[in-house]
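A short worksheet on the structure shown next.
Counting begins at 1 with the first residue of the sequence.
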Amino acid sequence: MALLRRVRIRAYRSAADVELELGRIAALVGEARAGKSNLLRAVRALLDPAAPVDREDVRGDEDGTIAVEAELDDGSRISLRARPPEASQAEREGAPPVLFLPAALRSGALVDAGSGAQEAARRFAAALPPGRSSAASGAGALVAAVEACCETGLSGVVFIVEEPELFLRPHTQRYLYRRLRELAAAGNQVFYSTHAPAFLNVARLEELVLVGHDPERGTHVVRPEPLEADEAFRIVSEFDAERSELFLARSAILVEGRTEKLVLPSVFAALGHDADRAEVSIVECGGKSNIPVFARICQACRIPFVVVHDRDAEAGADPIPSEQGLNALISQIAGAERVIELVPDFEAVAGLRGHSNKPERAWNHFSTPGVEVPKPLARAVELALRDSRSASAAKPDADPHSVEEASPKRRHR
């Protein structure tokens, strides 16, 4: 069974004109109401003759005609043209069956099966526990049903899942992600929207579909380029679920180690802000040598970022050659205006003496009411908040109170 290679969606809800390049797995990531579910539902409408398409689905500023077209991986094409309330015109010969799992059905039927996907739907139905009455039990049934599909060798089906992480513990999220990958490897396609780091594979950036929205273009997408082969393992070994939150952030601050990671939320607070409220991720890169890789990931995914790192040399003195080269590389990738060099290092800038219990002493210092914030750290916060405000302003449902003003309320030194 041929699967989808490329889909173009026009005038469907928030999507004025969006083209998706699709592999066996696609994870749609973006702000709330950016249009992730609209893209999933447009693909479902193309594949499933029973999928409803009505006047409310037509983008408001268009002429009333929805068009969804796809190229399959055998070179054939399928299409849907709809002008509600008139009957839709569709060419679906050779289209793969589709299984749609909307978030709204997680506590009920779980699955909305398209024509030709009855076998997959039967396996899902068989996995539903009798008498279940909650969304949490539905989430468990989703896991069991995916297991059943994997174990019975189902293939040739397009699975579309809204927010597979709903009501699942972190361990189960990771397990379900692995089973979804098994489904894809068995000859199916899996498309899902998510806000959970467990469903985002940093070593497979090409599987991410970054979904954004602006008033003029509506929904738009970006597909990051894949990592170089020699970087993939290094990234996998460094990224955990906490670092994967980077993909869901409005902006990021990349830091060397645990001390800076622990301290920066207190620096935000000392300046009258909250990093979580502003959706700024503070990412500990596991050493300065890893910062260039994290910076490239931010660039590939178009996540605004600031780098904070030690210069590792006193003012007026040159770092050793290896540090000079690394500092220059970071500046080249990030841009000099987005790099905050701490001279000679974090301890000196923060006014800390000695090297024992450094994280605890730094945390206690910056948690002290009325603490003075060093100018370099205040500058990092200012840049990150500016990026966050820009991202917030682009949201379709932007809340003017979602990000505090960046003017500091404490003294800088």
Side-chain angles (χ1 to χ4, degrees), residues 29-30 197 200-208 210 212 222-265 267-268 275 278-313 319 321-343 345-346 349 376-391:
V29 184
L200 305 176
N201 191 337
V202 69
R204 298 287 184 267
L205 289 185
E206 67 276 12
E207 294 176 356
L208 303 185
L210 310 176
V222 173
R223 289 293 296 272
E225 292 295 323
L227 290 170
E228 297 291 335
D230 60 349
E231 290 184 328
F233 176 77
R234 183 178 178 187
I235 286 297
V236 169
S237 65
E238 294 293 346
F239 258 78
D240 52 20
E242 186 176 16
R243 286 168 175 161
S244 292
E245 290 181 6
L246 174 68
F247 297 117
L248 306 169
R250 291 184 185 169
S251 66
I253 301 178
L254 308 182
V255 299
E256 291 188 39
R258 188 160 64 101
T259 299
E260 297 89 335
K261 164 77 172 175
L262 287 171
V263 162
L264 273 171
V267 172
F268 272 81
E279 298 182 37
V280 176
S281 283
I282 301 165
V283 182
E284 182 255 306
C285 297
K288 186 161 70 172
S289 62
N290 286 332
I291 289 177
V293 179
F294 281 76
R296 290 191 186 100
I297 290 173
C298 288
Q299 288 181 329
C301 296
R302 302 191 182 183
I303 301 165
F305 67 98
V306 181
V307 176
V308 178
H309 70 80
D310 295 345
R311 184 170 184 267
D312 290 312
S322 61
E323 293 293 339
Q324 284 188 28
L326 183 53
N327 294 349
L329 177 61
I330 293 171
S331 182
Q332 176 187 347
I333 295 172
E337 71 283 357
R338 291 192 161 272
V339 176
I340 308 296
E341 279 195 347
L342 305 180
V343 182
D345 54 26
F346 176 84
V349 168
L377 299 182
R379 176 61 177 163
V381 170
E382 177 188 356
L383 290 172
L385 287 174
R386 186 180 68 188
D387 290 334
S388 176
R389 288 198 306 273
S390 296

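Closest approach of Leu208 to Cys301, counting heavy atoms only: CD1-SG, 4.5 Å. What you find for Ile340 and Ala380 is that their closest heavy atoms are CG1-CB, 4.1 Å. Among all heavy-atom pairs drawn from Pro292 and Ser289, the shortest one is CD-O, 3.5 Å. The nearest pair of heavy atoms linking Ala300 to Pro224 is O-CB, 3.6 Å. The two atoms that bring Ser244 and Pro197 nearest to each other are CB-CB, 3.6 Å, heavy atoms only. Closest heavy-atom contact between Pro319 and Glu323: CB-CB, 3.7 Å.
Here Arg389 contributes atom CZ and Asp387 contributes atom CG; the two are 9.0 Å apart, rounded to the nearest 0.5 Å. For the atom pair CG (Leu246) and CD1 (Ile303), the distance works out to 4.0 Å, reported to the nearest 0.5 Å. Put simply, CG on Leu326 and CD1 on Ile291 are 7.5 Å apart, with the number rounded to the nearest 0.5 Å. Separation of atoms CD (Glu341) and OG (Ser331) is listed at 7.5 Å; rounding is to 0.5 Å. With rounding to the nearest 0.5 Å, the separation of CZ in Arg250 from CD in Glu279 is 4.0 Å.
Put simply, the side chain of Val255 does not reach to within 4.5 Å of the side chain of Val263, judged on heavy atoms. The shortest side-chain heavy-atom distance between Leu210 and Phe247 does not fall under the 4.5 Å cut-off. With a 4.5 Å cut-off on side-chain heavy atoms, Ile282 and Glu260 do not count as touching. Using a 4.5 Å cut-off on side-chain heavy atoms (C-beta onward), Lys288 and Asp312 make contact. Taking 4.5 Å as the limit, every side-chain heavy atom of Phe294 sits out of range of all side-chain heavy atoms of Val307. Within the 4.5 Å cutoff, the side chain of Leu342 has heavy atoms near those of the Leu377 side chain. Contact of the Leu383 side chain with the Pro304 side chain is not registered, since no non-hydrogen atoms from C-beta on lie closer than 4.5 Å.
Of the listed residues (Ile330, Val306, Leu254), just one forms a side-chain contact (heavy atoms from CB on, under 4.5 Å) with Arg338, and that residue is Val306.
Under 4.0 Å is where a charged nitrogen must lie from a carboxylate oxygen, and between Arg243 and Glu284 at least one such pair does.
No side-chain donor-acceptor contact under 3.5 Å links Asp345 to the backbone of Asp310. Judged by distance alone, with hydrogens and angles left aside, the side-chain atoms of Glu245 form no donor-acceptor pair with the main-chain N or O of Ser281 at under 3.5 Å.
Remark: Glu256 engages no residue in a salt bridge (Lys or Arg N to Asp or Glu O under 4.0 Å) (not counting sequence neighbours).
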Apply side-chain contact (heavy atoms from CB on, under 4.5 Å) to the pair Phe268 and Leu385, showing each step before the final yes or no.
-> CA-CA 10 Å; Phe268 272 81; Leu385 287 174; 4.0 Å; yes

